[in-house]
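For reference, the structure discussed in these notes is given below.
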Amino acid sequence: MIILVTGAGGPTGEAVSEYFWKKGHTVIGVDKDDVDLLDRAAVQELAARIDREHGRVDGVVHLVGGWRGSASFAETSLDDWDVLHDLLIRTLQHVSLAFEPLLRRSDNGRFVIVSAKAAERPSAGGAVYAAAKAAAEAWTLSLADALKDTSSAATVLVVNALVNDAMRAERPDAKFSRFTDVNDLATAVGGLYDRPAAEVNGARLDLTQ
C-alpha cells in the first residue's frame, strides 16, 4: 500500500510510519520542512507527484496538530483561534481536497484524523481547541460522504491526549492514565484496514474506552 503521513516528524507520525514500514508498505512521510501544508499549490503538487509515481494513495493519516487554551472563557485569545484554524483545519482542507481523487482509485483506502474528547465536551478555557477539533471532524465527515460509493473511507479517531516514550522519560512519576500511547494509535489506524470501508467510513471511533 501507499501511505501518506502528514506531520510525520513528530512522535505520533514516527509511530504510524514505523507501523506501516514494518508491514512492508510504502510510506511517504511529510513534515513542515518538506511541504508547507498551508500552501495549497504545494499540497496539490505533492498529490500530483504521488499520482505520477504511484497512481493512487491507499492511506492518508493526517497528524498535524496543536493546542491552545486559556485560564477562563473570557480570557480566550482569538489569536489562538487563528493558529489552530491553520494547524487543525486549513491543513486538513488542503490535504483532503488534494488527495480525495487518489483515494477514490484505491481498492481499500483510508483517510484518518485524530480528534479529541474535547470536541464533544468543551471546557470553558478550551473553546478555541474544541471548536477547531469539531470543525475538523465535520470536514472529515464531509469527505466520508464523498467517499461513500467507493472502496475508501474517512474516519475520525478520538483520544483524550497522546503519550510517547519521551514524555514518560521526562515525567517518570506521571501516570498518563487517560492518555493513548502513540503506538496504540498506530495500531488502531492499521486496524481500519481489517474492517470493510463501509463500516468505518464516517465513523468516530473512541480510543479512550
Side-chain angles (χ1 to χ4, degrees), residues 1-23 25-54 56-67 83-106 108-116 119 129 132-133 135-144 146-147 152-159 161-162 164 180 182-190 192-193 200 205 207:
M1 293 194 298
I2 312 301
I3 308 295
L4 172 68
V5 179
T6 58
T12 309
E14 291 173 355
V16 172
S17 297
E18 184 177 10
Y19 175 91
F20 285 104
W21 281 332
K22 285 184 174 179
K23 292 186 175 294
H25 303 302
T26 298
V27 178
I28 302 165
V30 297
D31 208 351
K32 58 185 178 182
D33 293 333
D34 304 305
V35 179
D36 180 4
L37 298 182
L38 291 174
D39 182 342
R40 187 171 183 184
V43 179
Q44 289 290 159
E45 174 52 35
L46 173 65
R49 176 169 63 83
I50 293 174
D51 189 6
R52 290 192 300 269
E53 295 177 1
H54 304 286
R56 72 184 196 284
V57 69
D58 302 302
V60 178
V61 188
H62 187 64
L63 299 174
V64 178
W67 185 86
V83 171
L84 292 185
H85 172 271
D86 282 351
L87 287 174
L88 303 184
I89 303 171
R90 186 64 78 198
T91 63
L92 169 63
Q93 290 172 328
H94 288 170
V95 171
S96 58
L97 289 169
F99 283 91
E100 188 255 9
L102 278 73
L103 283 165
R104 285 182 166 275
R105 298 179 206 161
S106 174
N108 193 27
R110 299 290 183 270
F111 187 100
V112 186
I113 69 163
V114 179
S115 190
Y129 179 72
K133 281 294 191 183
E137 287 194 22
W139 186 272
T140 303
L141 295 181
S142 293
L143 173 61
L147 295 174
S152 292
T155 306
V156 176
L157 299 181
V158 181
V159 301
L162 294 168
N164 58 68
T180 298
V182 293
N183 293 305
D184 292 334
L185 174 72
T187 299
V189 173
L192 296 175
Y193 288 90
V200 296
L205 304 179
L207 302 186

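Only a predicted model underlies this, so the values are computations on that prediction, with no experimental measurement involved.
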### Query
Please walk me through it: do I89 and L92 pass side-chain contact (heavy atoms from CB on, under 4.5 Å)?
CA-CA 5 Å; I89 303 171; L92 169 63; 5.8 Å; no
### Message
Between E137 and K133, does the salt bridge (Lys or Arg N to Asp or Glu O under 4.0 Å) criterion hold? Intermediate values first, please.
### Response
CA-CA 6 Å; E137 287 194 22; K133 281 294 191 183; over 6 Å; no
### Task
Tell me, with the steps shown, if E14 and N164 meet side-chain contact (heavy atoms from CB on, under 4.5 Å).
CA-CA 11 Å; E14 291 173 355; N164 58 68; over 6 Å; no
### Message
Using side-chain contact (heavy atoms from CB on, under 4.5 Å), reason through T91 and D86 one step at a time and then give a plain yes or no.
### Response
CA-CA 6 Å; T91 63; D86 282 351; 5.9 Å; no
### Message
What verdict does the side-chain contact (heavy atoms from CB on, under 4.5 Å) test give for V30 and L4, after you've listed the backbone C-alpha separation in whole Å, the side-chain angles of each residue and the deciding distance to 0.1 Å?
### Response
CA-CA 8 Å; V30 297; L4 172 68; 4.2 Å; yes
### Task
Given salt bridge (Lys or Arg N to Asp or Glu O under 4.0 Å), test E45 with R49 step by step and report yes or no.
CA-CA 6 Å; E45 174 52 35; R49 176 169 63 83; 5.8 Å; no
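To the nearest 0.5 Å, atoms CG (L46) and CZ (F99) are separated by 4.0 Å. Taking CG from N183 and OG1 from T12, the interatomic distance works out to 9.5 Å, rounded to the nearest 0.5 Å. Here the straight-line distance linking atom CG of L84 with atom CH2 of W67 works out to 9.5 Å at 0.5 Å rounding. Distance check, rounded to the nearest 0.5 Å: CG of L97 to CD of Q44 gives 7.5 Å. The CE atom of M1 sits 7.0 Å away from the CG atom of N108 when rounded to the nearest 0.5 Å.
With S142 contributing its side chain and A138 its backbone, the two residues share a donor-acceptor pair below 3.5 Å. The backbone N or O of V156 lies less than 3.5 Å from no partner atom in the side chain of S115, so there is not a single donor-acceptor pair. A donor-acceptor pair is defined here as one N or O able to donate and one able to accept, closer than 3.5 Å; such a pair exists between the side chain of T155 and the backbone of V200. H94 places a side-chain N or O within 3.5 Å of a backbone atom of L37 that can act as its donor or acceptor partner. In this structure, D58 contributes its side chain and I2 its backbone to a donor-acceptor pair below 3.5 Å. Side-chain N or O atoms of R40 include none that pairs as donor or acceptor with a backbone N or O of Q93 at under 3.5 Å.
Contact detail for G13 and L63: the closest heavy-atom pair is CA-CD1, 3.6 Å. Across all non-hydrogen atoms, the minimal contact from V182 to P11 is CG2-O, 4.2 Å. The minimum heavy-atom distance between A15 and A186, with the atom names listed, is O-CB, 3.7 Å. What you find for G59 and Y193 is that their closest heavy atoms are CA-OH, 3.2 Å. Across all their heavy atoms, L147 and A154 have their closest contact at CD1-N, 4.1 Å. L157 and A188 make their closest contact through CD1-CB, 4.3 Å (heavy atoms, listed as atom of the first residue, atom of the second, distance).
For the pair Y19 and V189, the minimum side-chain heavy-atom distance is 4.5 Å or more. Looking at D184 and L207, their side chains never come closer than 4.5 Å, going by heavy atoms from C-beta outward. Side-chain contact between W139 and I113 is absent, with no heavy atoms from C-beta onward closer than 4.5 Å.
Between H62 and F111, the ring planes lie parallel to each other; the angle is under 30°, not in the 30° to 60° tilted range.
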